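Please read the structure below before turning to the comments.
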Amino acid sequence: MLKKFTLRTSTRDEMLEITDIVQSFITEQHLKEGAVIVYCPHTTAGITINENADPDVKRDMIRRFDEVYPWHHQLDRHAEGNTAAHMKASTVGASQHVIVTNGQLLLGTWQGVYFCEFDGPRQRTFYIKELRD
């Protein structure tokens, strides 16, 4: 089963936790053992797994991405002016595989699944695909 999800981002750079959405998909599909793929079809957004306990982690990550990939750089030639967003999305990646066991995402104690926006605000989509044993 493949399912499309839509969300609305509110700032240029943000990390929206989608762990509950992914878990709800697993529950709806009665997936007990296997895996899911969470995929982002955008060139300026991505999917990552990272800490979900301390909100400072998200803020620090976005700040550090901005330090490494500044929004304005004199040598960038991309006409849309969003080269930094493309660089951030390539660094994070477009998808994540997550193991499912006993009907639950197999995540570490402090881990969550995030949709990462790097060129918002926008309406975005992502997909979840189940992989059964």
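This chain uses plain numbering: 1 for the first residue, then up along the sequence. Computed from a predicted structure; not experimentally measured.
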Lys/Arg-Asp/Glu bridge criterion (N-O < 4.0 Å) met for Arg63, Asp60 =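 Yes, charged N to carboxylate O under 4.0 Å.
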query = Between Lys88 and Asp66, does at least one N-O distance fall below 4.0 Å, as a salt bridge requires?
reply =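 Judged by the 4.0 Å cut-off on N to carboxylate O distance, Lys88 and Asp66 do form a salt bridge.
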inquiry  = Asp119 and side chain to side chain contact (heavy atoms under 4.5 Å, CB included): which single residue from Thr9, Asp13, Asn82 fits?
reply    =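 Testing Asp119 for a side chain to side chain contact (heavy atoms under 4.5 Å, CB included) against Thr9, Asp13, Asn82 leaves exactly one candidate, Asn82.
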Taking all non-hydrogen atoms of both residues, which atom of [X] and which atom of [Y] are closest, and how far apart?
X: Trp71; Y: Ala84; value: CE3-CB, 3.7 Å
X: Leu105; Y: Gln23; value: N-OE1, 3.0 Å
X: Phe25; Y: Met1; value: CZ-O, 3.8 Å
X: Val100; Y: Leu31; value: CG1-O, 3.8 Å
X: Pro121; Y: Ser10; value: CB-C, 3.6 Å

query = Once the angle between the rings of Phe126 and Phe5 is folded into 0 to 90°, is it parallel (under 30°), tilted (30 to 60°) or perpendicular (over 60°)?
reply =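 It falls in the parallel class, under 30°.
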To the nearest 0.5 angstrom, please state how far the [atom1] atom of [X] sits from the [atom2] atom of [Y].
X: Tyr69; Y: His86; atom1: OH; atom2: NE2; result: 13.5 Å
X: Ile128; Y: Leu2; atom1: CD1; atom2: CG; result: 9.5 Å
X: Glu17; Y: Asn52; atom1: CD; atom2: CG; result: 4.5 Å
X: Leu16; Y: Arg8; atom1: CG; atom2: CZ; result: 11.5 Å
X: Ile49; Y: Leu107; atom1: CD1; atom2: CG; result: 5.5 Å
X: His97; Y: Ile47; atom1: NE2; atom2: CD1; result: 13.0 Å

Side chains of [X] and [Y] in contact at under 4.5 Å (non-hydrogen atoms):
X: Gln96; Y: Val113; answer: no
X: Val36; Y: Lys129; answer: no
X: Val68; Y: Met87; answer: no
X: Val92; Y: Tyr114; answer: no
X: Lys3; Y: Glu28; answer: yes
X: Glu117; Y: His42; answer: no
X: Leu7; Y: Ile18; answer: yes

task = For Leu131, look at atom CG and say whether over 12 heavy atoms of other residues, nucleotides or ligands are found less than 6.0 Å away.
result =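 Yes, CG of Leu131 has more than 12 neighbouring heavy atoms, counting only those of other groups under 6.0 Å.
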ask   = Got a sec: does the CG of Asp20 have more than 12 other heavy atoms crowding it under 6.0 Å?
value =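 For Asp20, atom CG is not crowded (no more than 12 foreign heavy atoms under 6.0 Å).
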request  = State plainly whether one hydrophobic cluster holds both Val98 and Ile37, where clusters connect Ile, Leu, Val, Met, Phe, Trp and Tyr through side-chain heavy atoms under 4.5 angstrom apart.
outcome  =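 No, Val98 does not connect to Ile37 through the hydrophobic network.
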Single-linkage hydrophobic cluster, 4.5 Å side-chain cutoff, Met15 and Phe115 together =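 Result: no, two separate clusters.
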ask   = Are a donor atom and an acceptor atom from the side chains of Arg124 and Thr44 found within less than 3.5 Å of each other?
value =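 A pair is found: one side chain offers a donor N or O, the other an acceptor, under 3.5 Å apart.
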request  = Indicate yes or no for a side-chain donor-acceptor contact from Asn102 to the backbone of Gln104 under 3.5 Å, with no hydrogens or angles considered.
outcome  =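 Looks like no, no N/O pair under 3.5 Å.
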